Chemist: 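Please see the structure below; I have some questions.
Note on naming: letters A, B, ... go to the chains in the order of the sequence lines (proteins, then strands), and numbering restarts at 1 for each one. Given the structure is predicted, the values throughout are model-derived calculations rather than measurements.
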Amino acid sequence: MPVKVRFAPSPTGSPHVGNLRTAIYDWLMAKHEGGEFLVRLEDTDRSPDRYAPESIADIEESMRYLGILPDSWWVSGGADSPYVQSERLPRYQEVIDELITKGHAYKCFCTKERLEQMRARQQELGTPSGYDRRCRNLPPEDSARYEAEGLPYVVRLAMPLEGTCLLKDAVRGEIKYEYRLQDDQVLLKSDGFPTYFLAATVDDRLMGITHILRGEEWLGSAPKMIHLYAVMGWEPPVFAHLPVILGADKKKLSKRHGATNFRWFIEQGYLPEALVNFLVLLGWSTGEDNRELLTVNEIVERFTLQGVTEHPAIFDYEKLKWMNGQYIRKSPPGRIIGLCIPYLVKAGLLSNPPTTEEIAYARRIIPLEQERMKTLSEVVDLVGVFFQKLDYPEGYDEKAVAKWFGVAHIKPLLEKEIAAFEALPEWSAALLDSAVRAITEELGVKFAEVVHPTRVATTGRTVGPGLFETIEALGKERTLERLRAVLTRI
RNA sequence: GGGGAUAUCGUCUAGCGGUUAGGACGAGGGAUUUUCAGUCCUUAAGCCGGGGUUCGAUUCCCCGUAUCCCUACCA
């Protein structure tokens with residue numbers, strides 16, 4: 001049977017990297033097996049503080065950004081339409097009716113207050129928590145009467161009172177659960193919407209899902225779902241519970257750890273392939289040679305559930321940065337230039353929209369810093385000195401000035417450079433190089449003692465690309481202007 | 001309180017009874033260079049504890065411990 005997997009996000013906010021990793025695994029598995037991947041929106045929680053329709057677009061954008069497009073979803077439609085659970089209500093109702101008829105589910109009229117009291121008592125007594133099944137054996141006539149009176153009710157799944165449930169998890173092996181310890185889970189809420197347990201199970205069945213990849217936090221709900229499959233006479237899919245992603249404090253990765261919203265990663269300038277590569281490694285490895293830098297195709301070739309780890313992984317932002325830097329360096333300069341320009345515009349370093357001259361200039365500058373970038377957003381700080389007005393001492397690094405403008409030969413050096421640069425027949429790194437070397441000789445100092453002051457004079461700082469390519473890119477006019485300003489005010 | 005999962009360098013991990021316990025990030029050192037970054041070389045750093053099973057356990061089993069997750073009319 002061909003593999004069919006799904007990613008089932010809820011529109012509760014901007015996508016979380018942990019969920020996106022699950023989506024990546026789904027996509028990879030479908031690609032690797034030549035199967036199908038669909039995305040379904042689980043919007044059955046209608047409470048205003050949890051239902052955030054605007055996040056639907058975020059989910060779509062994130063998946064597009066990562067390049068993990070599904071074969072079908074609400075965006076494109078498909079054979080399993082609709083892909084939005086709030087549009088599938090009749091299907092859940094059908095199953096509920098069948099379940100109730102067969103005695104595998106029952107209506108529960110217990111009020112929220114009673115449930116709260118019950119829980120409080122359980123806490124006090126230290127007994128296991130869970131619904132006390134008061135309505136499970138409600139006489140049919142009572143049930144009908146309550147309903148006729150218009151009392152709100154939920155529908156609960158009647159779990160077996162004995163026996164064990166065996167979960168054969170694709171990443172964890174066999175796990176046993178005692179049925180008597182399982183709660184009579186709510187399947188249908190009083191607002192008529194299904195809970196996750198019902199909706200996901202029904203849809204997975206209807207959509208022909210063969211493998212359920214989901215976070216480890218769902219492990220405990222497996223017996224309930226397996227039982228649901230059993231009483232409906234359905235063959236359950238393969239479950240694969242993925243390890244959770246934790247923050248540096250070993251707590252479930254959340255806002256407190258800084259970056260969990262996927263939007264943030266896009267804004268910082270993390271490349272899609274770096275994100276995919278890094279995220280896939282959080283809970284999976286190739287096994288064989290344990291290679292880490294892998295192209296998307298290489299990952300697709302190698303990805304199987306066997307390589308999935310069973311222990312949680314801590315999200316290491318440092319390693320992500322390193323990996324992103326690797327991919328930035330590997331990219332053709334043209335791509336990086338194109339990706340960086342919006343950052344420069346946003347920072348006000350270029351006009352909006354940039355002029356042709358500005359773009360031409362940016363095309364010369366950005367590649368010089370490409371190998372220094374770990375994230376695209378860093379381009380702003382890296383190339384700032386090339387774009388900003390530098391007017392000594394305005395904009396100059398104090399320490400750099402103190403160190404390198406203090407040398408004895410600073411004035412003659414600047415004078416000679418200005419004269420030599422002005423006379424240059426052609427503004428090229430090679431000619432600038434030989435000119436400066438000649439001056440070094442005349443001055444009788446070390447090359448470094450010339451290079452450093454010159455760098456500070458022209459860029460205001462001590463770090464950056466090679467001096468001569470820097471000056472070449474800066475251009476004759478800017479360079480001389482800065483050298484003169486320093487010379488007259490020093 | 002109950003249930004479940006997990007446990008190899010600080011972090012991500014390889015290992016699937018016998019290995020000098022390997023790699024990557026990060027950290028330290030060195031080389032290269034006009035600085036930084038990069039690149040290359042290099043050093044330190046790990047099998048949670050206790051019992052078994054076995055000729056032999058990081059590896060298999062049990063117990064303990066620790067951590068995480070679940071314990072909602074949320075997913």
Chemist: On a whole-Å scale, what distance lies between the P atoms belonging to B/A14 and B/U8?
Modeler: 10 Å
Chemist: For the side chain of A/S129 and the base of B/G1, is some donor closer than 3.5 Å to an acceptor across the two?
Modeler: yes
Chemist: Base, sugar-phosphate, or nothing for A/L467, non-hydrogen atoms under 4.0 angstrom?
Modeler: base
Chemist: Taking any heavy-atom pair under 4.0 Å as a contact, classify A/G287: base, sugar-phosphate, or nothing.
Modeler: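 Sugar-phosphate: the residue A/G287, judged by heavy atoms under 4.0 Å, touches backbone atoms but no base.
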Chemist: Does B/U53 pair with anything, Watson-Crick or G-U wobble, both distances under 3.5 Å, and if so, with which nucleotide?
Modeler: none
Chemist: Reading nucleotides 19-26 of chain B 5' to 3', which nucleotides get B (base under 4.0 Å from a protein heavy atom), which S (sugar-phosphate only), which -?
Modeler: ---BBBS-
Chemist: By nearest atom, which of the nucleotides B/C36, B/C74, B/C12 is closest to the A/D45 side chain?
Modeler: B/C74
Chemist: Could you pick out which residue, A/L282 or A/R372, lies toward the 5' side of RNA chain B when each is mapped onto its nearest nucleotide?
Modeler: A/L282
Chemist: Assess the pair A/Y106 and A/Y153: is the distance between their ring centroids shorter than 6.0 Å?
Modeler: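 No; A/Y153 has its ring centre 6.0 Å or more from that of A/Y106.
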Chemist: A quick test of your reading: do over 12 heavy atoms of other residues, nucleotides or ligands sit less than 6.0 Å from CD of A/E162?
Modeler: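 Counting other residues, nucleotides and ligands, CD of A/E162 stays at 12 neighbours or fewer.
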Chemist: Need one value for A/R329: base, sugar-phosphate or nothing, where a base atom within 4.0 Å counts as base even if backbone is also close, heavy atoms only.
Modeler: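 Contact class for A/R329: sugar-phosphate only.
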Chemist: Considering only side-chain heavy atoms of A/P128, which listed nucleotide, B/G2, B/G4, B/C36, is closest?
Modeler: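 Of B/G2, B/G4, B/C36, B/G2 is nearest to the side chain of A/P128.
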Chemist: May I have the distance from A/F315 (atom CZ) to B/G10 (atom C1'), rounded to whole angstrom?
Modeler: 17 Å
Chemist: Going 5' to 3' along nucleotides 59-68 of chain B, which nucleotides have protein heavy atoms under 4.0 Å from the base (write B), which only from the sugar-phosphate (write S), and which from neither (write -)?
Modeler: ---------S
Chemist: With rounding to whole Å, what would you report as the distance between B/G49 and B/U35 at their P atoms?
Modeler: 47 Å
Chemist: Determine the contact category for A/P465: base if any of its heavy atoms lies under 4.0 Å from a base atom, sugar-phosphate if only primed atoms, P, OP1 or OP2 are that close, otherwise nothing.
Modeler: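 The residue A/P465 makes base contact.
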Chemist: Does OP1 or OP2 of B/A14 have a side-chain N or O of A/S285 closer than 4.0 Å?
Modeler: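 So the side-chain polar atoms of A/S285 do come within 4.0 Å of the phosphate oxygens OP1 or OP2 of B/A14, strictly under.
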Chemist: For A/Q123, look at atom CD and say whether over 12 heavy atoms of other residues, nucleotides or ligands are found less than 6.0 Å away.
Modeler: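 Atom CD in A/Q123 is not packed in, count stays at 12 or less.
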Chemist: Picking from A/E217, A/E310, A/R214, what satisfies side chain to side chain donor-acceptor pair (under 3.5 Å) with A/H241?
Modeler: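 Of A/E217, A/E310, A/R214, side chain to side chain donor-acceptor pair (under 3.5 Å) with A/H241 is met by A/R214 alone.
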Chemist: Indicate, with a heavy-atom threshold strictly under 4.0 Å, whether A/G283 touches base, sugar-phosphate, or nothing.
Modeler: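 Sugar-phosphate only.
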Chemist: When we call it a touch if two heavy atoms are under 4.0 Å apart, what does A/A313 touch: a base, just sugar-phosphate, or nothing?
Modeler: sugar-phosphate
Chemist: Scan every strand shown for a Watson-Crick or G-U wobble partner of B/A72, both distances under 3.5 Å, and answer none if you come up empty.
Modeler: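 Paired with no nucleotide.
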Chemist: At 4.0 Å (heavy atoms only), tell me whether A/S190 reaches a base, stays on the sugar-phosphate, or touches nothing.
Modeler: base
Chemist: As a test of reading the structure: which of B/U13, B/A75, B/A5 is closest to the side chain of A/S10, going by heavy atoms?
Modeler: B/A75
Chemist: Using atom C1' in both nucleotides, what's the gap between B/C55 and B/G30 to the nearest angstrom?
Modeler: 46 Å
Chemist: To the side chain of A/E310, which of B/A37, B/A7, B/C12 is closest?
Modeler: B/A7
Chemist: With a 6.0 Å cut-off on ring centres, are A/Y270 and A/Y327 close enough?
Modeler: no
Chemist: Among the nucleotides B/A14, B/C12, B/U34, which one has an atom lying closest to any side-chain atom of A/F447?
Modeler: B/U34
Chemist: When rounded to the nearest Å, what value does the distance between P atoms of B/C41 and B/A24 take?
Modeler: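 Between the two P atoms, the distance is 9 Å.
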Chemist: For B/A5, which nucleotide is its Watson-Crick or G-U wobble mate, given both distances must be under 3.5 Å?
Modeler: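 B/U67 - that is the nucleotide pairing with B/A5, both distances being under 3.5 Å.
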Chemist: Taking it one step at a time, do A/F303 and A/Y25 satisfy ring-ring contact (aromatic ring centres under 6.0 Å, His included)?
Modeler: CA-CA 8 Å; A/F303 188 85; A/Y25 282 17; 5.1 Å; yes
Chemist: Going by side chain to side chain donor-acceptor pair (under 3.5 Å), A/D132 matches just one of A/R114, A/R119, A/Q122. Which one?
Modeler: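 Filter result, single survivor: A/R114.
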Chemist: Please check the phosphate of B/U35 (OP1 and OP2 only) for any side-chain N or O of A/H452 closer than 4.0 Å.
Modeler: no
Chemist: Which part of the nucleic acid does A/T44 contact within heavy-atom distance under 4.0 Å: base, sugar-phosphate only, or nothing?
Modeler: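 Sugar-phosphate: the residue A/T44, judged by heavy atoms under 4.0 Å, touches backbone atoms but no base.
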Chemist: Taking the side chain of A/L181 as heavy atoms from C-beta outward, which of B/A7, B/C73, B/G3 is closest to it?
Modeler: B/G3
Chemist: From the options B/A37, B/U34, B/U6, select the nucleotide whose nearest atom is closest to the side chain of A/E371.
Modeler: B/A37
Chemist: Determine yes or no for a side-chain-to-main-chain donor-acceptor pair under 3.5 angstrom, with A/T309 supplying the side chain and A/H311 the backbone.
Modeler: no
Chemist: What's the gap between B/G23 and B/U6 when it is taken at their C1' atoms, as a whole Å value?
Modeler: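 So the two C1' atoms sit 23 Å from each other.
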Chemist: Please measure how far the C1' atom in B/U58 lies from the corresponding atom in B/A7, and state the result in whole Å.
Modeler: 12 Å
Chemist: What's the CG-P distance between A/L242 and B/A5, to the nearest Å?
Modeler: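 My rounded result for the distance is 16 Å.
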Chemist: Give A/P194 one of three labels, base, sugar-phosphate or nothing, depending on what nucleic acid heavy atoms sit under 4.0 Å from its own.
Modeler: sugar-phosphate
Chemist: Under 4.0 Å, counting only non-hydrogen atoms across every strand here, what does A/V154 touch: a base, just sugar-phosphate, or nothing?
Modeler: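 If one applies the 4.0 Å heavy-atom cut-off, A/V154 turns out to touch a base.
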Chemist: Which nucleotide sits closest to the side chain of A/R156: B/C73, B/A37, B/U35?
Modeler: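 Between B/C73, B/A37, B/U35, the one nearest the side chain of A/R156 would be B/C73.
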Chemist: Hey, does A/R172 reach any base, or is it just sugar-phosphate, or nothing, if we go heavy atoms under 4.0 Å?
Modeler: sugar-phosphate
Chemist: With a 3.5 angstrom cut-off on both distances, give the Watson-Crick or G-U wobble partner of B/U39, or none if there isn't one.
Modeler: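 Its partner is B/A31.
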Chemist: Relative to the 5' end of RNA chain B, which residue comes earlier, A/T462 or A/K112, by the nucleotide with the nearest heavy atom?
Modeler: A/T462
Chemist: Work out how far the C1' atom of B/U43 is from that of B/C62, and round it to whole angstrom.
Modeler: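 Looking at atom C1' only, B/U43 and B/C62 are 40 Å apart.
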Chemist: Salt-bridge test for A/E273 and A/K330: reply yes if a basic N is under 4.0 Å from a carboxylate O, no otherwise.
Modeler: no
Chemist: Less than 4.5 Å apart, side chain to side chain, heavy atoms only: is that true for A/P412 and A/E442?
Modeler: no
